[in-house]
Amino acid sequence: MEGKRGRQGPLSPVEFSVLLVLESGASWGYGIVKGIAERTSGGIRLAPGNLYQVLDRLLARGWIREVAAPAGESGGDARRRWYGLTGAGRSALRAEAVRLRELQPALERLALGGGRQGG
Amino acid sequence: MSAGGPGRLRLLLFRATLLGWPRSFRRTYGAELESTYEEAWTAEVSGRGRWAAGRFWARLLVDGAIRGPAMRLRLLLSGGETAVHGGVSRRTRERRMMESLRGLVHDGRQALRAVRREPGTAASVIGTLALGLGAATAIFTIVDALLLRPLPFAEPERLVQLHRAMPNGGILQWHDRSVVLPLLEQEELFADVAVHARMDAVLTSADEPMSVRLQAATASLFTTLGRGAWLGRTFDAEDAAGAEPVLVVSYEFWRTLGADRTLVGQTVELDAGVYRVVGVLPPEFRFPSTYAAHGFVPLDRSGRGPGLEEAPYNVVARLRDDVAFETAVERAVAFIGQLPAWGDRPGDPQLVALDTYGVTRETRRGLVLVAGAVGFMLLIALLNAANLLLARVTVREREFAIRHSVGASRWRLLRQLVAESALLAVLAGIAAVGLAVLGVRLMMPIAPVYLTDLAANRIAVDGRVLAFTFVATVLCGLMLGVLPGSAALRGARRRAGTSLSAYAAVTRERNRLRGMLVVVQVAAAVTLLSGAGLLGRSFVRLMNVETGFDTERLLFVHLMPNRRVYPDAESRRVFSQQLDEAFRSLPGVAAVGRADALPPSGNFRYAVKYQTDRDEVPREDSPPMLPFAYVSPEFIPALGARIIAGRNFTDDDVPSANVVIIDADMARWLFGRVDVAGRSFRTGPEAEWLTVVGVIEELMLGGPDGRIGDFALLHPTPRTTGSTAFAVRTAGDAGPLVPAVRGAIRRVDPNQPVWRLWTARQAIADEVARERFFATLMVVLAGVSLALSAVGLFSLLAFSVARRRRELGIRMAVGARAPVLVRLVLAQGMALAAAGLVLGLAGALYAGRFIESLLFEVRPDDALALGGVGALLLVVAALASAGPAVRVTRVDPLDVLRSE
């Protein structure tokens, strides 16, 4: 799964959501939690431990990195650390998006209840 | 940010849910996790009811209980690689940290090896430094306890006391009840205010009756001061009106009573009644500063209580913090000044900040002086150590030159030298702590009781003191490393491939440096010695002041009658008579006299303006303070004081007759001569005229240094007075009779505690305890400094002789006689000593004005003291130089030539 060789495996939903949130801009821990909650209409609400486990994994892969807090946010909690996408992360995100798009026709059929007789 | 009880509990619970995660994970992300948790709580749970909280916690628990261990397992299987944060940058950071740590360890090991290679030098350096640091720490312990530590109350800078500034300079710290009680009602003036009054009592429920100092205080005392009880509680408003009298005891008194934690709730029996102990105060609590109370009893708002009729009342107030300090003071002072009760006596009201432990100006000066002295001593020790290391530098130059030539950077070499010195300094610091503990233990017995009392017996080597030692050690280590280190490096650089003459130049420069260090050492020692010499002379003068009484055969006894047993004047008179007879009947007692105050310090009056019967106006140059006492007719004979004019008192002389006896000093000042029986004078324009019926020799009634005045004024009381202060003259030495006198008192009343029972000599020694303490400290510090400087001079000369062995050998071979060379070495040593002496004396003269206030009848430029110091130094320097000089004669020219 590491490295540029070969296709990467599918990302877990949480990893994907985190990358997606960070795609629109750097964020801090709870900011990411909020972003994900919004995007999934309150469906996925990350517990702190889970969040940082994922962040740790993404850091290890080099897809995100720590960035400086944007100007204007320096007055916040000093314990916060801000994260942003790396180039590799962006690529990974795009690759996943492509993969999901390829699945889309199948998804649409399932969502509209088609593909099988009955409901 | 959440704070307070529920927030903290929640945080702890959250941390508990994290325990499932691996430690490395918690360590890396811990702070962020907490921050995220708090945000989540605020956003999702706050104000949303119990269900929201329940869901929140459930999620956390699941997260921690399942995902956490899962991660642990994964780490375990994958070989325990720690979590990574921030990718490469953090790893590099960690690696660099590990590297520098390893470098430090390496330096440390090298330093250890170097020290072990030269144990002699190391031991000398450590020993010298330990002496200096140990002395500095010991002195700091006292200075910290008395001067630096803040008062043990909340925001002590807002606490003030009421003083009355008398028109002629005196300060009254106590007031009438009618003045202080109205202040309790003033809610706008102060944030909080309390009134307290001194109330002495006797503890009768102990084996030996004991005098107890109490303060009757309003319940607001503890809220004003901002400090509560350590065990139990302090008073509240109900206690004053309550049926049972309550008592809050000080920590010291609690210790005296047995240090029993179950004391709270029990009763103690005082002569003023049976009191129930409701609380014990913390050890640092000390109030009032100059007369720390053993306990506190409630004072009701009418300010009345048993034994308080003529009590001196004090006020302590906390200023409001919404107003500036000066404004609050101004307002309060203006209010007090216009109270009708205030105008009964002269003087303006003053609000002064609460005393730091009641340290007098002289004590403060003495402490600062001793602190400065120990600083000098530390400097001398440091210079000694530096000198020792510098001597070694020449030897190690080759090592450094080689290492430098194979590429070791200057920085690395210097760092290693600093590491070595740091190691030595650290070892010295550890030894210093031990020496300091010993030093403090040695100092306490000679410290005046009121000093150790002031510090509530908290003079001990504690955290603050250790912090001081640590800082001092670090600074010493740095300085010690830099000086020899840079010298070594300079030498090393030049040595690599240089000519002999260049090398010689470096060596000469280095020796000049060492010589300068020795001169500075000697100068510092001389300054210290001068201070010690002056203080010593001053103390000796003090001890030899003419007392006017027989110090060897006199006992002073002072009692405070138990108020319950002797409630009125008649009973006290009977008691006094019984004691008088009991003392008289003791074998070995020659005479007994009674008074209301005893030498060396009696009562005193101030704002005095004398006017004799021949003066038209009162004299402006009157000494403002006048010591006085009321004495019975046998008192003067009992003292052994000689009457040189007129007569002694008789039974017919009563106080109302305004007849007095004065001492010769006073007579001479007032009238110009001593035979002035029959003349009159008064002590102020409103005072009554007093007629002199007799004059005695100079009597010490104002303290040995005359701090309360040089005169003595005696009023008569009849033989049958109720006074309970006795002067007992003995046939032989007074000391052995102390137990007999104590026994006599016990026979008269076994429950009467004795306030003071000592010989006249002990009484005087107690008065000068402070001067003795500081003089002793200075002498010890100066003595050690002199010894260290001598060692420094010695080692320098010895090294010089050893270095110049070849030169000396050649000289001797070509005919120079030994005595000439000996004189050469001696001259070198004496020259250095002389230079140091001049410098040191100049310093002593300059610092003279600071020490002036501590001296008694000795000028700061006293020739005898300074001359003595000079002589002592020259003798010691000669002795120090003698050793190396003698070694010169042992140089065998043949031996030297052969070895070259």
Side-chain angles (χ1 to χ4, degrees), chain A residues 1-2 12-15 18 21-22 26-38 40-69 73-89 92, chain B residues 1-2 11 13-22 24-45 52 55-75 78 81-91 93:
Chain A
M1 258 195 287
E2 271 82 338
S12 79
V14 182
E15 287 171 341
V18 170
V21 167
L22 289 179
S27 187
W28 77 102
Y30 193 67
I32 299 176
V33 172
K34 272 198 296 194
I36 294 180
E38 274 162 30
T40 58
S41 313
I44 304 184
R45 245 212 148 79
L46 288 182
N50 193 7
L51 168 73
Y52 282 96
Q53 183 183 29
V54 171
L55 287 177
D56 188 57
R57 217 181 302 148
L58 293 174
L59 282 167
R61 286 189 187 169
W63 288 349
I64 64 175
R65 63 188 168 93
E66 192 179 341
V67 297
E73 297 278 359
S74 44
D77 189 341
R79 296 173 291 183
R80 281 186 201 168
R81 281 200 264 225
W82 287 71
Y83 301 92
L85 278 190
T86 61
Chain B
M1 210 85 57
S2 64
L11 194 60
L13 281 175
F14 173 64
R15 287 207 192 125
T17 67
L18 288 181
L19 287 176
W21 298 91
S24 56
F25 181 76
R26 289 205 306 271
R27 213 187 352 204
T28 313
Y29 297 102
E32 284 177 84
L33 279 164
E34 283 180 21
S35 167
T36 309
Y37 153 76
E38 277 175 20
E39 275 197 80
W41 176 275
T42 317
E44 299 165 27
V45 179
R55 271 201 302 262
F56 188 79
W57 283 111
R59 215 174 341 125
L60 285 183
L61 281 170
V62 164
D63 190 46
I66 297 184
R67 290 209 188 84
M71 188 180 198
R72 277 185 194 255
L73 195 62
R74 230 178 307 132
L75 283 186
S78 71
E81 197 177 83
T82 57
V84 167
H85 178 81
V88 170
S89 57
R90 189 183 183 89
R91 216 184 263 138
R93 239 185 297 145

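By convention in this document, chain letters (A, B, ...) are assigned in the order of the sequence lines, proteins followed by strands, and residues within each chain are numbered from 1.
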N-O pairing of A/Lys34 and B/Glu39 below 4.0 Å: no

What is the minimum heavy-atom distance between B/Glu32 and A/Arg81, and which atoms define it? OE2-NE, 2.8 Å

Taking all heavy atoms of A/Ala47 and all of B/Leu60, pick out the closest pair and write down the distance. CB-CD2, 4.5 Å

Minimum heavy-atom distance between A/Arg80 and B/Ser35, given as atom pair plus value: CG-OG, 3.9 Å

Distance col, row A/Tyr30:OH vs B/Glu44:CD, nearest 0.5 angstrom, shows 3.5 Å

Look up atom CD1 in A/Ile32 and atom OG1 in B/Thr36, then write down how far apart they are to the nearest 0.5 Å. 9.0 Å

So do B/Leu18 and A/Pro48 actually touch side chain to side chain, heavy atoms under 4.5 Å? no

Looking only at non-hydrogen atoms, find the nearest pair between B/Arg59 and A/Leu46 and report the distance. NH1-O, 3.7 Å

Most heavy-atom pairs under 4.5 angstrom with chain A, which of B/Gly20, B/Gly30, B/Gly68, B/Ala40? B/Ala40

A/Tyr52 and B/Thr28: side-chain donor and acceptor closer than 3.5 Å? no

In terms of heavy-atom proximity below 4.5 Å to chain A, should B/Phe14 be classed as side chain, backbone, both, or neither? side chain

Sorted by chain and number, sequence neighbours left out, salt bridge (Lys or Arg N to Asp or Glu O under 4.0 Å) with B/Arg55 holds for none

Can you confirm whether B/Tyr29 sits close enough to A/Gln53 that some side-chain heavy atom of one is under 4.5 Å from a side-chain heavy atom of the other? no

